[in-house]
Structure formats: C-alpha cells, structure tokens
Amino acid sequence: MAPHPGKLKPATKAVHVRNLARRFATKTILDGVDLDIEEGEFVALLGRSGSGKSTFLRALAGLDHGVEGTGTLETPESLSVVFQDARLLPWRTVIQNVTLGLRGSSGQEAGRKALAEVGLAGRETAWPNQLSGGEQQRVALARSLVREPALLLADEPFGALDALTRLKMHDLLRELCARHRPAVLLVTHDVDEAISLADRILVLDEGRLIEDLKIDLPTPRDHGDPSFAQTRIHLLSRLGVELPGRKAA
Amino acid sequence: MAPHPGKLKPATKAVHVRNLARRFATKTILDGVDLDIEEGEFVALLGRSGSGKSTFLRALAGLDHGVEGTGTLETPESLSVVFQDARLLPWRTVIQNVTLGLRGSSGQEAGRKALAEVGLAGRETAWPNQLSGGEQQRVALARSLVREPALLLADEPFGALDALTRLKMHDLLRELCARHRPAVLLVTHDVDEAISLADRILVLDEGRLIEDLKIDLPTPRDHGDPSFAQTRIHLLSRLGVELPGRKAA
Amino acid sequence: DAPLLSKVPPGTVLTIGDPVTQKALEVSGLGKELSFEVKWANISGGPQTSEAFRAHALDVGSVAEIPSIFANWNNLPVRNIAYRERRDPIANPIYRFGIAPGAAIKTLADFRGKRIAFSPGQAQGTLVLRALHAAGLKSGDVTLVELPSTSDVYPKALASKQVDIAPLGGVYIRRYITQYGPDGATLVEHGLRDDPSHLYAPQWVLDDPAKAAALAEYVGLWARATEWVNRNPDLWIKEYYVGQQGLSQEDGEYLVKLNGEQVVPSDWSEVKKRHQETIDLLADELGYKSFNVEQIFDNRFEKLGAAALAKSQ
Amino acid sequence: MATTWDADEAKLSRSSGGRIVRAGSRLVKPAGSAGPRARRRLGPGPAIPFGLQIGPALLVLTWVVGSALGWIDPRILSAPWTVAEAFVRLIEQGRLQDNFVTSATRALLGLSIGLLIGTILAVIAGLSRIGEALIDGPVQIKRAIPTLALIPLLILWFGIGESMKVTTIALAVIVPIYIHTHNALRSIDSRYVELAETLRMSQKDFVLQVVLPGALPGFLLGLRFAVTLCWVSLVVVEQINATSGLGYMIDLARNYGQTDVILVGLVVYVLLGLVSDGLVRLLERRVLSWRRTLAN
Amino acid sequence: MATTWDADEAKLSRSSGGRIVRAGSRLVKPAGSAGPRARRRLGPGPAIPFGLQIGPALLVLTWVVGSALGWIDPRILSAPWTVAEAFVRLIEQGRLQDNFVTSATRALLGLSIGLLIGTILAVIAGLSRIGEALIDGPVQIKRAIPTLALIPLLILWFGIGESMKVTTIALAVIVPIYIHTHNALRSIDSRYVELAETLRMSQKDFVLQVVLPGALPGFLLGLRFAVTLCWVSLVVVEQINATSGLGYMIDLARNYGQTDVILVGLVVYVLLGLVSDGLVRLLERRVLSWRRTLAN
Ligand SMILES: Nc1ncnc2c1ncn2[C@@H]1O[C@H](COP(=O)(O)OP(=O)(O)OP(=O)(O)O)[C@@H](O)[C@H]1O
Ligand SMILES: Nc1ncnc2c1ncn2[C@@H]1O[C@H](COP(=O)(O)OP(=O)(O)OP(=O)(O)O)[C@@H](O)[C@H]1O
Ligand SMILES: [Mg+2]
Ligand SMILES: [Mg+2]
C-alpha cells in the first residue's frame, strides 16, 4: 500500500483509518478496514470472539509493534486504553495504578475522585490482587477516565460488572463524554449496551466492518422501545444469532 | 462455631454449607451462609461486584488457605473450577492446558474433543497469550468440562463471549449437564443467562444469601415469556436495579 | 625411634609430593629401582603440602626450611628426613632483592625506613626477616608490606613502585632486570644462605615401620636423582623445563645456571645450627615459642642420601 | 472411614463417598499459621518458625557431638571448644574486633559502590540495545575471569592500597547485581510495558514505577549474592598489603597452618553470610508483600 | 511541523495538532526487525544483530590499537600478537588442547553433577518446609565460605585426587542452581498453584507441569552463573595436585612469569565464558518462547 502521510484529514476526524490489514503468521485478522470517527463521537464495536476487535484496538493504540500489516492510521496523540484484562501493575497500590504517570497533588486528587466515582473510595491503598474481578476492572476504567483523553479505546470495560454497577458506569461514561467530548471506541459483547450508549455501531467479521449503523434514538434510550428492539434483532442477526422468540442475553 | 464433622448429610446433597463466614482483615465478606445443592442441580449465583461471590466459590473449592473464617462445608471431592480469570499456564500450550494432569492418549483425545466443542479446533499448539480474551475463557471452560466433575464451580465463565458464542456455550453446558448430571454453581452477572440456565437462583448481598428462587419455567426458556420477564424484574430489583421502563443490559 | 627396616615390606604404598624428583627419576630411569608402589602427587609449597599431610593424603613432601617449623608450631608434627644444599650458596642464591626503579638502595643497610614486600610463612618472608637481622635492623625499622609472593605480584609491585624492595626468585630475577633495568631497576644480593631444600614427612608416617623403610629407600634415590640432574643439564633442560614445564630453552638454561649444583651432605650439624637460628629468629619476630631443632630432624635418615650416592659411584 | 487431615482447631475429613468435609472455626494469625487445610495443598505450606535455622543448628550439633565422642580427629577438624577458646583469645587480644571493623568497612564500601554501579548499568543495558551492546559483553568477560587472575592487573591500575581492595570488591558485586537486575528487567511482562506506552509516561516515570519495581524481585536475588560475595572477596583482596581484616587473618593462619584460627575465621564468615542473607530475605518479604506466590 | 519518527519502509509522523499518523506497509521478518514504530516505544526495541558481540569486539580493538600505537606497555599487558603467537605455539605443542580436554572433563562432570543435585535440592526445599529447613541453611553456609578457605576441608574429606576436584566444582555449581531454582519456584504465582490444586494433579504432574516449567526462567539464570563458575573454579582446584588443565597451565605460567601464556589462558577463559553464557541464552530464547516480555 502506498503511504499517504501528507493527506491529513481535517481535524474534526478523531480517527482516520484506511485499508488497515493485520496478519498473525498465515492468519489474516484485519483485511482492509476503513474507518472514520468524528471528534466526540461514541462508536461501539461488536464482533464474535476472535474476530479481531482487540487486534484493531491495539493497532489504533499503536501497540502492535512487530505485527505484520499495511495501511494508514491517524489518531490523536492523547488517547487512553482500557485493556480487556484490567492490567493493573501488581506492585503498585490501587491509587498508584490510577495516577500512574500523573504529576503532583492535583493528579492525586483527580485519582482519588475517579476511584470514588467507580465506587472504590477507601480502597486506595489496597494491592490489585486484593480486589475482586469487577473491582479491578473499575480501577482500570478510573485510570483511563482520569486522563481525559481525546480518544478513549475501551475493550469490554464492563464485562465483569453486575447490572447495577454497570448502569452506574454507563452513567459515569456518559457524563464524561458530555463534559470532555472524547471520541470513544467501545468494544462490547452486549448488544443492548451498545445500542443504549453508542451514536454508531460497527460489526467486525472476517476481517472487515460488515455493518456501520447510526443509532438515532432519543436519550435516555428505552429498552422497551420497538425501534430499540428492532435494532437489537438486526444487530444480533449480523452477529449470527437468528432465533425469533429467543432473545439473546 | 462448634464443628459437626459427624453429621454428614445424605449423599444426594452435592453441596452442604452451614453458617459459613469469611473475613479479610476487618471486612466481613461472608456472614453466615447456609446452602444445600442437590446432585445434578444447576444453581446460579448473582450479586454485586465485590459482594463475595468469588470468595464463596473459593471457599467451596477449598482454596482459601489462610483466610479467616468459620463454618461447615461439605463438597464432593471431584470438583472443577472455572476461575474468573482464565488462569491458563502461560508455559503450556492450549492442549496441554486442557489436559493438565490427565493421563494417557484417552486424556489427549478428550482434550482435543473438548477444544473442538468450544470452537477452538486447530489451535491446540498455540500459546495462551496468542489467544483472544474470549478464546482463553473457552479454553478454561474446556479444561473444566473435560474432567466431568461431580461439582462444577464456574465464576463468570461466559463474561468475555459474544452473543452467538455464548449461546453455543450455553448449549454445550446444558448438554454436559444432561449427560453427567453434575451439580453446578454458576456465578454470572447476566440475569437473563441465569434465568435461562438455572434451576435455582441465589442472590448474595452483604454477606448473606438474600434470595433463593426456584425457576419453574419450561425449557427451552423463552425470553419473551411474561413469567421470564417478571422473574427478571424481580431479580434485578433484588440487585438494586429499579428502573421501570429501563431494562438492564 | 625404632631402627629402620632393611627391606620395604611388600604391599607398602607411599604418596609422594615431589614433582621435580619424580621427573628426574623418570628421565634418568632410576625410578625403575623403586621396590614399593608410589603414588605421585603434584603438590609443592609449604602450606599446600602441610594441608595434604593433615588430610593424610600425602606421606612426604619436598620444601625449603620454613614449613616444617610452622607445622610444628601448629600441631602438625613433621620431621625433615633429607637435606641438600647448593655447592656455592652465596654465589648461587635462590632469591635476590629486587629494588624498585629509582630507589637508591645498594646494600642491606639501606633497607632502613623502606617498604619491603613480605609474605609471612613463606621462604621469601623469612629471608626478609633474616636479611634485616643480618643488617642489624628490626622489623620495626622498615615498613613490611604484606603481599603474597605468588606469580608476578612482586615484580609488578616493584615496577609500579608500590614497594621499594621485594625478594625475587627464579626467572623473575632476570625478567625484572631486562624489563625494568632501563627504568633504573636494580638487584641487591643478600649474602645469606637461602638454599636449604628438605624432604619432610609427618610423624605418623615415620612411626609406620613399612612407610619409614620406603622413605629410606626414597631418600637414596632422591639423592641419586639430584646427582643425575647435576650431571645431565642438557637432557634435564629438554625434558623438564622445556618438555614438561613449557619454558623456552633459554629460560631453561638460565634456571639451570641459577640453581648451580646441588649437593647432599652426609652431616646435618651445620644445617641444624642454621636452622636453630632461624627458629629463634622467627619465634622472636612472630611471637612463637622457640624449640630445639632436634625435634624436627629424624636422624635415622641423616646418612642415607650421601651413602646411596657413594654406593652408586 | 473418614480420615482426619488436620487436627488444628478444625476438622477436614474424607468420607467414604469421595467427599470432603470441613468444619470448625479458624482464626488466622498474622502470618503463616495453619488453618484447616482444604484439599491436598501442593505448596510447601506455612513456614516453620525458625525453620531456616534448623539446618545450621544440626551441623553445629554434629560437630559438637562428633568431637566429644572422638569421631572427629581434632587434627583434621578442631573441636568446637578449641575454636571457642581461640575465639575468646582473639577477642581478648582485640584482634577479631579490629579485623572485623577493617573488613566490614571495606566490604560495605565495595558493596555500596558495586550496588549503585551495577544497578545503573543494568538499567541502561536493559532499556537500550546500544547500552546493552557496550555494557553486557564486558560484564560477561569480567565474570569469566577468575578474580585471582585479575589481581595483578588490578594492582597495576589501582595500586595496592585501599582503593584496589574496594574496587575489587565493587567489581565482584557488580556482576550479580547487573546480571540479575538486567535479567529481571528484560523479563518484565510486555503487557505492563504496553500499558506504560499508552499512558504516555515519561522515561523517568517508566523506570521508577514500572521497570524498577517490576525488576525488584530479581534485584533482591542479586543482592543476596552480592552481600555474601562482598565478604567472600575479602579473602582474596586482603592477601594484598593488608595488615588487618578477616581475610588477612585467615590467609595468615593458613600460611602458618593455624587450623583453629582458620576455623574461627570461617565461623565468622558463616555468621556474616547467614545474617546478611537473612537481612535481604527479610527485606524481600517486606518490599515484595504485594506478591502472592507459592511461598505464602 | 510533522516529525518523521521512523524511515523504515513506512512513515510515522506527528502533526501539529498532537496527532499521530502512521502509514505504509511493513513485512515483519521472523524476529526483531523494526516495523514503523507506533508511539514512543519504552522497551529497548528490537535486538541489534550481533549486538552482544560489540562490547567485547571494542575491547579487543582497544587492545590491538593501544598496543600498536605503544599506549599499552607490553611489560604490563602483552600485545595481542604476542599472545596470538603463544596461542599458536601452545597449540602446535599440543599443550593447549590437552589441558583443555582435561579441564573440560572436570568442568563438565562437575557441572552435570552440580546441576542434578542442585535442582533436586531446590525442588525438595521449594516444596517442603522440612526439606527447606534441612537443606537451605547448609547451602547458605557453603556459599558464605570462600572456596579458597574450603579447599583444606575438601582435601580432608576427598583427598587430593580427581574426586576432590570434581566435588569442588560440583559444590560451586550447586549454589547458584539451588538458589535460583528455589527462588524461582517459590515465586511461582499462587494462582497457578490453586489451579493445580483444583485439578487434583499428582505431586509428580505438579512438579513436571507447573513447578519446573514455571521455575525454568530462574533455573536458566542460575545455569548462566553455573556454566561460568565451573570454568572459573578450575583455577582454584587445579592448584592442587594437577598435572594438566587450564588452571594448572595458568598457575605454572604464573610461577615462571610467562605473561603471554597467562594471557592465552585468560583469553581461553573469556571465550569459554562467553560461549557458555551465549549457549544458555540461546537455550533461554528457545525454551522460553512462550514469554512476552520487555525484551521482545
Ligand atoms: N500473538 C498472536 N499470535 C497468533 N494469533 C493471535 C495473536 N494474537 C491474537 N491472535 C489471534 O487473532 C484473532 C483475533 O484476536 P483478537 O484478540 O483481536 O480477538 P477479539 O475480537 O478481541 O476476541 P475476543 O472477543 O475473544 O477478545 C484470534 O483468533 C487470536 O487467536
Ligand atoms: N485478599 C484479599 N484481601 C482483602 N480483601 C479482599 C481480598 N480478596 C477479596 N477481597 C475483597 O472481598 C470482597 C469480595 O471479593 P470477591 O472477589 O468475592 O467479589 P465478587 O463478588 O467475586 O466480585 P466480582 O463480581 O467483582 O468478581 C471484595 O470487596 C474484595 O475487595
Ligand atoms: Mg478481545
Ligand atoms: Mg469475582
């Protein structure tokens, strides 16, 4: 692929991807992905297990040193990643993990506040391995949010959370988006979650984005709304779930 | 608490727990839990993040060496755990992880078959860190299933799976239960998943089981069924989610 | 002491740490005359030999005068059983004092106030003490710098002017002067006798009649080997220095010349007198209790070496 | 046919049907006390109090009993009381204390310098390929050359004074510190490095928060080697122009064949080694308290 | 104001608005080739080909140039060509080969025995507190005693023959193998131990599948120390009743002040050390290929 480093997109595009391909050995994972995300846009990415969602996120974050591939990528420098695993440094306390690399007492303060927002006030000095799975995930979320990035890449950040905590985290994320308007790319397995949060939903399959759906429902979105249900059924069918009368979890 | 090692329950109880308490430092996590699970019974356990579900499972599995506590526990010796993290040995290949500790070529054969069942045929010789999050979780599931335990303790075994893969795994689990009739204790955050799989649903809160609900719906269960929806609403309210018109994810 | 048996009982085994004689016996063919079994050990030097004695791993060793003295001070009863010296000891000393480049030292008397390399417990160390004694100095009149005498530590210490004086032996004498002579390095002769060479054995070996008889036989061969080396310098250079020790022909010739001719006297009274002086000096300088020299000589062996030589000629 | 596995306050039994029953209360004391064991525990279990002291104590016991019963030839290995007498004598003469102070100064000075240099070299070589290219080879070379053979060169460069001794010790210490820290650094899980990259950490923060704490277990293992090495090196360096010091004391005694003094020296070495190692292990337990490993 | 970060086949630039642009294709060669770098990479980056050989090569270069230009006094450090001549001479005489074979036999025998015993001791002490109580102390004691000072005792117990030499080397090797393996074993993440417990693995399977592979990185680091130690120990053991061997050769040359032969000996040591260490590192890369660390 010919490089086009000169053709910078207008600054309103937060993410600009053209013809992105990634391969592991003989297996092609991404096969010509094109994507633009506007500033402040909230995009959800769905896809089967093993379809390449994490691979795509890692490419966007520039973490795939040494992975074979081609394509053009443009992202803001200020981006933040919530990894699929919580990825807390085991040798730093919870608060140290949140404020990693932040400077001064304002960083400390912000870290403490973010921890409280994810419901972990008072656990500042615990070691990561003293937390439950969901608690670890929330610390990782707090670590990303406290940085107020221009682009937030989140790989199933709510996977280990119960219904109530999950709703709280949705509210937290919405609030953050309203305040700082970051572009968000959220990987999730929960179709309802995608519909209720995102402006746009992508489905990745066989290395390509086979679906790019604008969601034009009013917020807050009602799960009972017929168009909500219709969108759900459409997306599930794109994911291969075609069971009328049986609603996927 | 006075020990009652003599009072063995009749053998039809797979799990027999009385007055189980567990504490970390000053924090009481389990505070007098009583539970009986019949042989072949499928029990789902719901609870907020940090409510002590994993702690309870670890106590049942006898893994909480050195955790402070009291109570009586009785479990079959042949039990198997799917941990909340996939917990694959990074230095063993996928197939070696599945057949860990199994003997002979029959073990190999069973391992290969289990891998195929979770959709990972052909990935036998990959290293765990070459798998996606959901793939790792499925390997861990295969490792547990291949052992055909009398008691299966599974800590959010489907958390990282997409809708389709998750349905397939549900079917796989149901099939295994039909064949070997193990007692199952499944921790999940997905209320619908709990309702569609379990014979009984427990809710853990503040160290106690605040709900013990028999599910008497016919199988396969229809998510659209009014009593399904009612059960969902009831359970969600027990989990603190009380938003009429807004259905939790 | 029980008189020596005239014949070595069959089955006697002796472990001998005397690699030079071993080679001489081999090259000269004298080794074939040994009537008992020998296990050779490549061990030399006082501390090592004494350690091997202590472990009962060795029956006899070949050293200079000092080790037997220290062994007796430290609970290891040993005795000298053979003695040889150089034909012209003052002209053919083993050691000379190397003088650091630029240090104006011409005689022993100039040692006052200087830094001297000193290795306690080794022959070189004792030589330093004896030289000071001869010059009428006490050890407090100089600075003794403790350094091991192994390897080229002494020449290096002299060359880098870390010490003013150090006893040098063997090839190091010549090498030091060729290398650092141009910078002003010199040598000083000490004019003392530093030539005694002994065979010594632990008391428990000497108390074993069979081993004692074997030792007696060995002393005879040892004397004849010494004489053989005196007479066959060329073959000795070729077989030992060049062939075994890996030296150049030139170095071999130099060492043969430096060693001069070694003789085995039939009378120990002279050496005992000098030995007693050394014991007294060391006792005085190092704070040990002096003892009678007779304690470390086994007189049963006194005549054996010279007798064997006389018989063979 | 229930088998009781643990009688400590609580019961764990196996009933006939292949079932595990556990009952009773347990109060876990701060560290290492045994609660009722759940299933066959594969780890080593809780620590035995003063467990690490049992081996050495048995050795001393063997020595005492063997000497008392005459099994050990005192010419070969002096009896403990002979050594104890020599110990007392050396202390009364003030020699042991003096030698110890001299040696400790040298050893600790060399240790500190070696620690600092070794760690810095390891970080440079660990984080930069060029640094590694320049540093790693020379350290491997230093390590391949026996110290004894290096001494003449060190004399040439550093003379025969204190600086040569401290340098030799520091050079000895650098090796394990460098190799362990470098290895530990390079073994840090790449997931944490990725994390640091996305957090846009400064190089300094990366070193201080990710690399050094992550490499700490390796560094501490290196430190365990370093603390004994700095004592052991004394025997070599104090052969050169020393008039006091533990190594000097042993060297002198070896030259004269004073077995009891040698043994006093060795006993002091052993004590120093055990105490130093014990201190590092204590430190290890404290600063690595975040770890959950087979050991606890 | 776009800065190009990497010119390798592709472009990574920073545009003025704090944005990162990457474009172009990259074909990743099997190992270590640099693709376009995404963001500032905090790790050391891809390996430099033959990087580890650069340091030693520079040292040799300094030696050659320094000697040729007369900066290095040949009395202090013989010139490389003098050493090369000695090398050739020793090989022609067959001495170097003979000595090497003798030494290699001793070293490798000692290494094998030490490896075996060290690993077994580490596993026993790692998995049982009683084993640790009995084994750990004595190993620490061995380690605290300078080999030089231990020799007299070893002579007492093993005589002055080959068995003493091989034993001394084996004892030297046991220390790093034991300590590293034991430490690595104890550092295995308790999560994997828990897993093994729930899988009802046999003790044997636990050791073979969990403990040993998990402790392998530590063991291999110990092996790196062991392989150089077995060569370095020769200098000490071959002072005692040896008639051939590299250590003996150096000793003899030291007696006669043959500086060129000494240097040949040291060069051989360095080569042996570098090659042994390199082999273990190669092995490391192969058997630890499952790891994703800072290094790759
Ligand atoms: N280092 C690697 N080497 C080889 N194959 C890899 C590697 N990393 C990932 N893969 C494979 O690439 C595919 C895509 O992986 P990826 O992690 O992107 O999936 P995913 O969509 O995130 O899946 P999940 O929802 O399960 O997390 C998977 O089949 C995985 O096995
Ligand atoms: N080793 C420990 N030390 C101190 N507190 C701990 C420890 N392990 C767990 N906890 C605390 O105990 C509580 C229960 O943890 P547990 O892992 O059982 O929660 P959980 O119900 O599984 O939550 P999740 O759904 O998030 O996984 C949590 O608040 C956790 O922080
Ligand atoms: Mg993924
Ligand atoms: Mg949990």
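Below, chain A is the first sequence line, B the second, and so on; all start at residue 1.
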Q: Check each atom of D:Phe225 against the heavy atoms of chain E and say whether the ones under 4.5 Å are side chain, backbone, both or neither.
A: both
Q) Quick one: what part of D:Leu59 sits under 4.5 Å from any heavy atom of chain E, side chain, backbone, both or neither? A) side chain
(Q) Can you tell me which portion of D:Val235 sits under 4.5 Å from chain E's heavy atoms? Options are side chain, backbone, both or neither. (A) side chain
**Q.** pair E:Pro56-D:Gln140: side-chain heavy atoms closer than 4.5 Å
**A.** no
Q. Looking at E:Val270, E:Leu234, E:Val236, which has the largest count of heavy-atom pairs under 4.5 Å with chain D?
A. E:Val270
Q. Is the closest side-chain heavy-atom distance between D:Val232 and E:Thr147 below 4.5 Å?
A. no
Q) Side chain, backbone, both or neither: which part of D:Ile48 has a non-hydrogen atom closer than 4.5 Å to chain E? A) both
Q: Measure across E:Leu185 and D:Leu294 and return the closest heavy-atom pair with its distance rounded to 0.1 Å.
A: O-CD2, 3.0 Å
(Q) Looking at D:Leu279, I want to see if its CG is surrounded by more than 12 non-hydrogen atoms of other residues, nucleotides or ligands under 6.0 Å. (A) yes
Q.
So which atom in E:Ala144 and which in D:Gly273 form the shortest heavy-atom distance, rounded to 0.1 Å?
A. CB-CA, 3.7 Å
Q. Looking at E:Gly137, E:Gly55, E:Ser187, which makes the most heavy-atom pairs under 4.5 Å with chain D?
A. E:Ser187
Q | Taking every non-hydrogen atom, the tightest pair across D:Leu266 and E:Pro146 | A | CD2-CD, 4.5 Å
Q: For chain D, find which of E:His180, E:Lys142, E:Arg129 contributes the most heavy-atom pairs closer than 4.5 angstrom.
A: E:Arg129
(Q) Looking at E:Thr293 and D:Arg186, would you say the former's side chain and the latter's main chain have a donor-acceptor pair under 3.5 Å? (A) yes
Q: Check whether any side-chain heavy atom of D:Arg143 sits under 4.5 Å from a side-chain heavy atom of E:Arg224, and report yes or no.
A: yes
Q) If you look at every heavy atom in E:Ser128 and D:Pro44, which pair is closest and at what distance? A) N-CB, 4.1 Å
(Q) Is D:Glu284 close to chain E through its backbone or its side chain, or both, or neither, when contacts mean heavy atoms under 4.5 Å? (A) side chain
(Q) Shorter than 4.5 Å, heavy atoms on both sides: which option in E:Asp136, E:Val207, E:Leu58 has the most such pairs with chain D? (A) E:Asp136
